[in-house]
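Sequence lines set the chain letters: A, B, ... in the order given, protein chains first and strands last, and positions in each chain run from 1.
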Amino acid sequence: MAIFDEFPSMGRADLMDLKKGIDFAFSDFSRENGEAIEGFFDPLMFCMVWFEKLLMNAPWPLMILIFAVLAWLGARSIPIVIGTIISFLIIGRFGMWEDTMATVAIISVATFLCIGLGIPLGILMSRSNRVQAVITPVLDIMQTIPSFVYLIPVVMLLGIGKVPGLIAVCIYALPPIVRLTNLGIRLVDKEVLEAAEAFGSNYRQKLFDVQMPLALPNIFAGVNQTIMMALAMVVIAAMIGVKGLGVNVLKAVSNQYLALGIMNGLAIVALAVIFDRVSQAYGKRLQKHRQGGHGV
Amino acid sequence: MVSDVKVSIKNLYKIFGPNGKDMVQKVEDGASKASLQAKYQHVLGLSNVNIDIPARRIQVIMGLSGSGKSTLIRHLNRLIEPTSGQILVDGEDVLAMSDKELREFRRNKMSMVFQKFALLPHRTVMDNVCYGLKIKGIEKVEMKERSQKWIDRVGLSGFEHNYPAQLSGGMQQRVGLARALATDAEILLMDEAFSALDPLIRKDMQEILLDLQEELHKTIIFITHDLDEALHIGDNIVILRDGAVIQQGSPQEIVLDPADDYVRDFIKDINRARVLDVSSVMKPGSTDSGLELASNLVLELAMPAMVKADVTSANVMRDSEVIGMVTLADMIGGIAIPESHEGEQVTYR
């Protein structure tokens, strides 16, 4: 039978009309509302620019000192601090200082944005199974849809620049913090929660005295994941106009500059390792009280 | 024993399932736990529970796992909502309280000790004991002072700044006890509070509790599956099975007159000599053996006393008056394990 030989797809003309319809509708929408939406994101833009300038214009020894201090505060480990200092010295020596600062700026802003959005969203999700059922597939889509696909509408709406890049990074980096906040709160010992309840805690007291602190190790694992995923998006963000190490990687790919590619790639790796080690060590220190043994 | 009623549970039903309310009638018409589950997929948690809990005494609620005892205790502070029934605390209906009233009630009237301690792992011992007071909004200096008092009282001085994970199980439960006592609630709910502890530590904790009770006179509602524990600390005991009360009474009454085979099974292995006192095997009359025993002396102590005095009978005293007599044979009969209900009646009459 003919119907089994070829899939009964919509006709070429119908399909074209459908696609056109969607495209025109969206471009009309973005033409009408693009400016308003851009206006909405202006504060974000301002933040990004300000922070990037701050990092790039600060004297490099001061920045290295700040990174070293932050690494110490987070990890309390001399090897990690020394590793951090050496990495940044090498990065600077190879002429990648400014690009690295730009990348650190977007990663930091993206991470704070994801934390600010993701933790409340995760709390909301942990409160109700229905909310969880709605949000989970959205997170799945955010993590699995090829990044280039959502770059299209983002660029149509906001053009090329820092803010669309930041949004692209956040779309990819947001899910882990939401998931792990939700999971962390749901995994809180039922009996401890019952105790909080039995002593007459109200909702806020339960959330801030019991659920959040007990979920913190999981939430922190989420923060770590979010940072790593944001770093993974650096090159793709560069495609839509975010400055930083990603731009050089793109340049290297299109021109077959091996050395440039490797150097910038390794700089991204160095950032990833530093962020990861420091945040993991910090996460572990948060859990110190869980270890047994007297006189700790 | 007449004393004022602190907590009164009336016609309490708890049926787990989507249509719990409709199932109450079926249970009242005689549906059993098993048939309710098989026919209607509802789980019978509690079935027509009626208990009057006297003030300032230790009320034990015991039963095997699945008997509904933990469900019952969670109804008292409404961690679980009943399907139907009434719970009165000092004459006030707990079930009629608004969320806000309920929170106030939990903060001030009742506190709870948990089987697995349920301490906050990220807080020190001091902060854990402060927990209830912090929720009440007590200011800091007074909070620390009151908590310190209870930490000292349960014997944890010097461990204020340790985290729970650094303490042994027994010590953790002392923190749990101190936390519950610190709020000065009149009613203390203890949900299998000592069940997770080693036997020796458990004995220790029982003594701590009895010591505290001697001076505090709180209304303690104590859940356990361990009859020895129930008999040791309980002023009154309620035995639950499949969510229904099958017997309530003093430890003596339970041991001497078990309501059915389930209870009889329970008391089979206990040390009767430690529970029964002289008055329970006493008969009218008097003897001139010269030995006098207090009526509330347990047989475990009375029998050696008789052997030591080299007599086989003694007068039973209450308020320095002879109220009857006992013989060594009666005592031995009293501690013998009864074969059946009737058999037991014979042994001590």
Side-chain angles (χ1 to χ4, degrees), chain A residues 74 76 119 122-123 126-130 180-181 183-223 280-296, chain B residues 70 73-74 76-80 99-125 127-128 130-137 158-159 161-169 171-172 175-176 179-180 182-183 185 188-189 191-192 196:
Chain A
R76 297 284 157 86
I119 291 180
I123 292 171
S126 69
R127 289 274 289 155
S128 130
N129 285 335
R130 205 171 295 167
L180 283 159
T181 301
L183 180 75
I185 292 179
R186 282 176 186 263
L187 286 181
V188 166
D189 185 355
K190 289 280 171 300
E191 216 183 19
V192 178
L193 211 54
E194 212 173 34
E197 197 80 67
F199 280 94
S201 294
N202 58 28
Y203 175 67
R204 280 176 61 90
Q205 289 168 327
K206 249 190 325 194
L207 183 65
F208 291 112
D209 288 349
V210 181
Q211 290 174 308
M212 291 294 284
L214 294 193
L216 212 52
N218 271 314
I219 294 176
F220 214 78
V223 172
Q280 271 198 25
Y282 182 68
K284 272 206 192 104
R285 283 203 300 124
L286 285 180
Q287 296 187 65
K288 217 173 126 196
H289 59 260
R290 281 165 201 258
Q291 294 157 3
H294 294 260
V296 172
Chain B
S70 285
I73 202 172
R74 277 166 177 69
L76 298 178
N77 57 1
R78 244 174 92 189
L79 288 174
I80 298 179
D99 282 358
K100 194 158 174 258
E101 287 169 328
L102 183 63
R103 275 203 296 275
E104 286 305 314
F105 171 79
R106 286 171 176 169
R107 287 175 188 179
N108 300 310
K109 224 32 193 282
M110 258 185 203
S111 57
M112 194 160 176
V113 182
F114 292 84
Q115 178 173 11
K116 295 191 200 97
F117 324 136
L119 302 173
L120 297 174
H122 61 292
R123 299 267 182 89
T124 60
V125 168
D127 289 344
N128 264 292
C130 285
Y131 184 68
L133 298 173
K134 198 181 151 202
I135 289 172
K136 279 170 77 158
F159 290 95
H161 302 296
N162 285 70
Y163 286 100
Q166 297 166 341
L167 305 178
S168 68
M171 289 161 93
Q172 289 189 41
V175 179
R179 173 175 70 176
T183 65
L188 191 59
L189 306 178
D191 180 22
E192 301 232 24

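- B:Gln115 places a side-chain heavy atom less than 4.5 Å from the side chain of A:Glu191.
- Ranked by heavy-atom pairs under 4.5 Å with chain A, the first of B:Lys100, B:Arg123, B:Lys136, B:Glu104 is B:Arg123.
- Pairing each heavy atom of A:Ser201 with each of B:Tyr131, the nearest pair is OG-OH, 3.0 Å.
- Between B:Asn77 and A:Ala198 the shortest heavy-atom distance is ND2-CB, 3.7 Å.
- Of the atoms belonging to B:Leu189, not a single heavy atom falls under 4.5 Å from chain A.
- The list of salt bridge (charged side-chain N to carboxylate O under 4.0 Å, His left out) pairs with a residue in residues 195-204 of chain A, not counting sequence neighbours, reads A:Glu197-A:Lys206, A:Glu197-B:Arg106.
- Taking both residues in full, the closest heavy atoms of B:Ser111 and A:Phe199 are given as CB-CE2, 3.9 Å, listed atom of the first, atom of the second, then distance.
- Of the atoms belonging to B:Ile135, heavy atoms from both backbone and side chain fall under 4.5 Å from chain A.
- Scanning both residues, B:Pro121 and A:Leu214, for their nearest heavy atoms gives CG-CD2, 3.3 Å.
- Neither the backbone nor the side chain of B:Phe105 comes within contact range of chain A; no heavy atom of the residue lies under 4.5 Å from a heavy atom of that chain.
- When each of A:Asp209, A:Leu193, A:Val210 is scored by its heavy-atom pairs under 4.5 Å with chain B, the top score falls to A:Asp209.
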Report task. For salt bridge (Lys or Arg N to Asp or Glu O under 4.0 Å), just list the numbers for A:Asp189 and B:Lys116, CA-CA rounded to whole Å, side-chain angles, deciding distance to a tenth of an Å, and then say yes or no. Result -> CA-CA 10 Å; A:Asp189 185 355; B:Lys116 295 191 200 97; over 6 Å; no

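- Between chain A and the residues B:Arg74, B:Met112, B:Arg78, the largest count of heavy-atom pairs under 4.5 Å involves B:Arg74.
- Residue B:Arg103 qualifies as enclosed at atom CZ: its count of foreign heavy atoms under 6.0 Å is above 12.
- Of the listed residues (B:Arg179, B:His161, B:Lys134), the one with the most heavy-atom contacts under 4.5 Å to chain A is B:Arg179.
- The CG atom of A:Asn202 sits 11.0 Å away from atom CG of B:Asp99, with the distance rounded to the nearest 0.5 Å.
- What you find for B:Leu119 and A:Val192 is that their closest heavy atoms are O-CG2, 3.6 Å.
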